[in-house]
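Reminder, nothing fancy here: chain letters follow the sequence lines and each chain counts from 1. Small disclaimer: the values here were computed from a predicted structure and weren't measured.
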Number of protein chains: 4
Amino acid sequence: MPRTTNNSYDRANKRTFKIRSAAYELITEIPFADITMTMIAERAQVAKGTIFNYFKNKEDIFMAICINGYLHYIERMEAAIEQAQITTKSDLKEFLLAQTRLQVREYSVVILITSLRRFSLEVHADREQTLQGRVRIYATLDRIANKLVQAVPDVDVEAVRHAFIIQGSILNGLLNFANMNIFNNIECPIEMPSVTVDIEVEATHLFGIYLDDILKM
Amino acid sequence: MPRTTNNSYDRANKRTFKIRSAAYELITEIPFADITMTMIAERAQVAKGTIFNYFKNKEDIFMAICINGYLHYIERMEAAIEQAQITTKSDLKEFLLAQTRLQVREYSVVILITSLRRFSLEVHADREQTLQGRVRIYATLDRIANKLVQAVPDVDVEAVRHAFIIQGSILNGLLNFANMNIFNNIECPIEMPSVTVDIEVEATHLFGIYLDDILKM
Amino acid sequence: MPRTTNNSYDRANKRTFKIRSAAYELITEIPFADITMTMIAERAQVAKGTIFNYFKNKEDIFMAICINGYLHYIERMEAAIEQAQITTKSDLKEFLLAQTRLQVREYSVVILITSLRRFSLEVHADREQTLQGRVRIYATLDRIANKLVQAVPDVDVEAVRHAFIIQGSILNGLLNFANMNIFNNIECPIEMPSVTVDIEVEATHLFGIYLDDILKM
Amino acid sequence: MPRTTNNSYDRANKRTFKIRSAAYELITEIPFADITMTMIAERAQVAKGTIFNYFKNKEDIFMAICINGYLHYIERMEAAIEQAQITTKSDLKEFLLAQTRLQVREYSVVILITSLRRFSLEVHADREQTLQGRVRIYATLDRIANKLVQAVPDVDVEAVRHAFIIQGSILNGLLNFANMNIFNNIECPIEMPSVTVDIEVEATHLFGIYLDDILKM
DNA sequence: CATGAATGAGCTTTCATTCAT
DNA sequence: TATGAATGAAAGCTCATTCAT
């Protein structure tokens, strides 16, 4: 079967990817407010004007990162279900905690950027595009939840879907609120135990007991 | 002992309060990036230059709001302990959940602003001032935790102090990550159950099971 | 004699016409500075790049509109002479006033665009093209003037040719300078009689007494 | 009597004047569209940002030039009435023609800029400011007209006020529409008599016969 | 000849910050 | 200490123009 490639579509896809990647890289290095379109253009090796052919503005780029990043995460999760051999509630819990560890390790930036949505991103990002993305996310989460409840008896779809929101909230909250002993990535010479938090440990702990509760284990 | 009032000190205090209040009001109306020093000055009814006598920059103001707002919350909590008549773990849990409801209802904005700390505030805010504030917060939380463990047997100070971090993280995370069906304060015409969240219900639920866990109830 | 139609020539003509028409439409809706090549391309249903095959730049398009529009007007006038049955000075005056009414009613936009020539059009438009157009205009006016003086005794060709310049100047001037009670097409709630002007009445009045003068009536 | 000078008011006035003057100079050298705010700032020796403290945008500056320039002209005219010793219709006509010569010689640029009002200035200039200016103009013209009709019997105020509109229209029209043998300030090597116009001669001629008509001379 | 994605110079405008008063 | 006019760096963004397809 011959593969029909739409060249211009492919090129456009590549460009948006390059721009998003450049912006993603920068947010790991520089505070959001200090990132400029010029920086993003330089990093992505495209002209500044090109960015505006693909994104409405800076906020739009980061909103796209949020959505695509999270989609990437949950699509991987969906694929992982097959290999996971989940049959009991315990399997399910283990699976979701493993996914949480993955989220902490590889998707913290994406989850963290979500913090900007209320104060910055939503105000300027493209409404339609964003909502479409969210619908895709919801549909994927829905599929995942359905697959999981089919594999494990006596579990509510609604509860599983909801758990993903809680999972993200927990990680986002810990990233923002914990570790107040760190200022601008530099640890402070002040002893404040119990403020310091190992995000992975804490996230899996909190989400673990949440799962226990909703799975009635 | 007669209290010597220093007039200029009082006036300065009033000014910082006016400026902070103006900024607080604005953040409930306008996205952070769109708030200008001119707006804050007008709202606070001071000259733009005056602001810079009291705050290093815009980020400094909002960092101060974070810290003072949270201090305000926990100082009220400290005062509330006396009236609360806490003697059992169950009392303790109820007290902390009541405090959580208060946090949701009256301090959501303060908790939400914390989302900006990593990406904006810390980068420009005054380091020393901020750390001093955090130390004050820690000291207050420490006093509170101690008072509580003295009232209730068999509870770890460390665990209680830590619980406050988790409490804030939960609220912050839910505010940021939940309710993705809302875009720019406008609800979307897309049905996505389990994404929609009643913050107060969810926060008390999650924090409740966390307390059950750490209090071993 | 059979006319050999050159297809590509016809197509090119059609294109320039489509582009000019699109630009003409736009200038009746949007201020010159706010009209973009993209808008013109969309309206003309051609690619942006195509425009540049036919016109040097934006100013060139509007210069072409000026020249072609005015040519259109005077070529119609030339054709109208035959039907007009002009034999006396009075006939001539009536003919020219009727033509002035036509100019006001159907060519105001063209005359108005001329206002841009000094400040915008000439600076960027194609010099040779423009001058060629003006020579064509002059030639046509010359033919018209000659036809008219042949029909009416005791009238100077030079004076008639010159009258057309005055005619255009009067209309252009009134369009620009009169009706200062209107701002951005919206009438102002300020009573300023004698500022308000019925362009057609005023133009024919002023041009009428001018004709009386040069025709020594 | 001590003169009370409001320093900040004076300084502001000086600034607006400097900025307007710079813009006026530039428009005599460079086409409107090519004048940038940077150029104006440099010429006026103020910071770019300063301009925006006094004017909304580029169009606003040129609208102010139009209005202030014309006001300057008619205020001089008002002052000139006293010295003029006007008692007859003939005196009145001579006075107005002399004023027209002055307009041609010293205010052509101002009158010419008016050509931009429809296509550029009004769309972006400050509405209120502009209308206020026009009201001032109208009031001055009204005073002038009244003074003149008091001096000369049997002349209609309305007609005189209206004549000023016609005067400006004539000059504006001639500046825009005549001399099509000149392209971009360079005369063309094409012989087109009757297109070439001596603006001053033509304007006084046309306005002269208009005055004859309305004064019934 | 038609296309439209890519370009990037350069625009207007903003706004934190300064500093003379 | 309060002021707010002045600053000017730098931002976001536009859009005429190019050019590979």
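Checking the phosphate oxygens (OP1, OP2) of E/dA5, no side-chain nitrogen or oxygen of A/R15 falls inside 4.0 Å.
Interatomic distance, A/M63 CE to A/Q129 CD, rounded to the nearest 0.5 Å: 11.0 Å. The distance from atom CD1 of A/I40 to atom CD of A/Q45, rounded to the nearest 0.5 Å, is 14.5 Å. A/T130 OG1 to A/K56 NZ: the interatomic distance, rounded to the nearest 0.5 Å, is 8.5 Å. Atom CZ of D/F183 and atom CD of C/E128 lie 9.0 Å apart (nearest 0.5 Å).
In this view, B/F62 and B/F32 satisfy the ring pair (Phe, Tyr, Trp, His ring centres under 6.0 Å) rule, not counting sequence neighbours. Every residue two or more places apart in sequence or in another chain that forms a side-chain contact (heavy atoms from CB on, under 4.5 Å) with D/V46 is listed here: D/R15, D/K18, D/I19, D/A44, D/T50, D/I51.
One atom, NZ of C/K14, and another, C1' of E/dA2, lie 16 Å apart when rounded to the nearest Å. Rounded to whole Å, the distance from CD1 on A/I61 to C1' on F/dA11 is 14 Å. The CG atom of C/N53 sits 11 Å away from the P atom of F/dT18 (whole-angstrom rounding). D/N13 places its CG atom 15 Å from the C1' atom of F/dA5, with the value rounded to the nearest Å. If you measure from atom CD1 of A/I30 to atom P of F/dA11, you get 11 Å, rounded to the nearest angstrom.
DNA chain F is contacted by both A/T50 and B/I51; B/I51 maps to the nucleotide lying nearer its 5′ end (nearest heavy atom per residue). Between B/Q45 and D/A47, the residue whose closest nucleotide on DNA chain F is further toward the 5' end is B/Q45.
Within the 4.5 Å cutoff, side-chain heavy atoms of B/M37 are placed close to those of B/I61. Side-chain atoms of D/K58 and D/T36, non-hydrogen and from C-beta on, never get closer than 4.5 Å to each other.
No donor-acceptor distance shorter than 3.5 angstrom exists from the side chain of A/D60 to the backbone of A/F55, with no hydrogens or angles considered.
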Each nucleotide N or O in nucleotides 9-13 of chain E that has a protein N or O under 3.5 Å away: list the pair and distance.
| from | atom 1 | to | atom 2 | distance (Å) |
| --- | --- | --- | --- | --- |
| E/dG10 | O6 | A/K48 | NZ | 3.1 |
| E/dT12 | OP2 | D/M37 | N | 3.0 |
| E/dT13 | O4 | D/K48 | NZ | 3.4 |

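Across residues 119-131 of chain D, not one residue has a non-hydrogen atom less than 4.0 Å from an atom of DNA chain F. The stretch residues 17-25 of chain A does not touch DNA chain F, since none of its heavy atoms comes less than 4.0 Å from the strand.
The residue D/Y54 sits close only to the backbone: its heavy atoms come under 4.0 Å of sugar-phosphate atoms, none of a base.
Consecutive Watson-Crick or G-U pairs involving DNA chain F, each under 3.5 Å on both distances, make up stems of three or more pairs at E:2-21 with F:2-21.
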Inset, instruction - Could you check C/L121 against C/C66 for side chain to side chain contact (heavy atoms under 4.5 Å, CB included), going step by step and ending with a plain yes or no? - result: CA-CA 10 Å; C/L121 308 190; C/C66 275; 4.1 Å; yes
Legend entry - Residue pair D/H124, C/D34: steps toward the side chain to side chain contact (heavy atoms under 4.5 Å, CB included) verdict: CA-CA 10 Å; D/H124 298 108; C/D34 294 352; 3.3 Å; yes
Inset, instruction - Please step through side-chain hydrogen bond (donor to acceptor under 3.5 Å, both in side chains) for the pair C/T114 and D/N176, ending with a clear verdict. - result: CA-CA 7 Å; C/T114 311; D/N176 281 325; over 6 Å; no
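Ion pairing of D/R118 with D/E59 is absent here, as no side-chain N (NZ or NE/NH1/NH2) approaches a carboxylate O to less than 4.0 Å. Under 4.0 Å is where a charged nitrogen must lie from a carboxylate oxygen, and between C/E29 and C/R43 at least one such pair does.
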